[in-house]
Amino acid sequence: MKSFPILAVLACAPSPAFAIEDRMETTFDASWTTNCPGPYQCSLEIFDRSQIGKRSAAFIVATNDPAADPVCSYVFPVIPNADGLLATATRDFVLKIALVDSGLYVDGIPDRLCGVRLDGHYRELGD
């Protein structure tokens, strides 16, 4: 029976960091909502854009009219960082999205982006 050096076997195994990162990213992927002022509905979609190899976050502010176009919609590429957050940096701000017990916590979106507050706690939308 031929034996293989242990280093060769370990080199073929996925790294624990990769496995944790992969689980974390799929946990974020969902539709999320937060309290939104006035007649608006505010949501956050986190999804994988496999065709370009990136994960994205889409912030959407809409009215209660399902036939109406969104009032505001922005899509940002996001990447996991060493702190377990999804983050992106633009010229004007740094967006951070953290997974917390009650859902997600979003920090860094300026109110001027859509005219309403998008920072804060988000809960997952049910079926």
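Basis for what follows: all heavy atoms, side chains included, without hydrogens, waters or symmetry-related copies. In what follows, residues are counted from 1 in the order of the sequence shown.
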| field | Inter-residue atom distance His121.NE2 - Ser102.OG, 0.5 Å rounding | value | 5.5 Å
| Residues that Asp107 engages under side chain to side chain contact (heavy atoms under 4.5 Å, CB included), provided they are two or more places apart | Tyr105, Asp119
| Any salt bridge between Asp29 and Arg55, counting N to O under 4.0 Å? | yes
| request: Only counting residues at least two apart or in another chain, list the ones meeting side chain to side chain contact (heavy atoms under 4.5 Å, CB included) with Cys36. | output: Tyr40, Cys42, Val116
| What residues, two or more places apart in sequence or in another chain, satisfy side-chain hydrogen bond (donor to acceptor under 3.5 Å, both in side chains) together with Asp65? | none
| remark: Rounding to 0.5 Å, atoms CH2 (Trp32) and CG (Leu104) come to a distance of 4.0 Å
| Student check: side-chain heavy atoms of Ile46 and Leu86 closer than 4.5 Å | yes
| note | Closest heavy-atom pair, Ser73 versus Pro70, reported as atoms and distance to 0.1 Å, is CB-CB, 4.4 Å
| request: Measure the CG-CG distance between Asn81 and Asp83 for me, rounded to the nearest 0.5 Å. | output: 5.0 Å
| Would Ile60 end up clustered with Tyr122 when hydrophobic side chains under 4.5 Å apart are linked, directly or stepwise? | no
| request: I would like to know whether Leu44 and Thr34 meet side-chain contact (heavy atoms from CB on, under 4.5 Å); could you show each step before the answer? | output: CA-CA 8 Å; Leu44 165 61; Thr34 190; over 6 Å; no
| said: Are Phe59 and Val75 linked, directly or through intermediate hydrophobic residues, by side-chain heavy-atom contacts shorter than 4.5 Å (ILVMFWY only)? | reply: no
| message | Could you list the cluster mates of Val94? Members are the ILVMFWY residues connected by side-chain heavy atoms closer than 4.5 Å, either directly or through other members. | response | none
| field | Residue pairs, two or more places apart or on separate chains, that pass ring-ring contact (aromatic ring centres under 6.0 Å, His included) and touch residues 66-87 | value | Phe76-Phe93
| said: Looking at Gly115, is its backbone amide N or carbonyl O close enough to the side chain of Asp111 to form a donor-acceptor pair, meaning the two atoms are under 3.5 Å apart? | reply: no
| field | Summary of disulfide bond (SG atoms under 2.5 Å apart) pairs that have at least one residue in residues 57-122, sequence neighbours excluded | value | Cys72-Cys114
| field | From CG (Leu113) to CG (Leu95), nearest 0.5 Å | value | 10.0 Å
| When you look at Gln41 and Val61, which way does the side-chain contact (heavy atoms from CB on, under 4.5 Å) test go after all the steps? | CA-CA 6 Å; Gln41 296 177 350; Val61 177; over 6 Å; no
| message | Taking Pro77's backbone N and O only, do any of them form a donor-acceptor pair with Thr88's side chain (distance below 3.5 Å, no angle check)? | response | yes
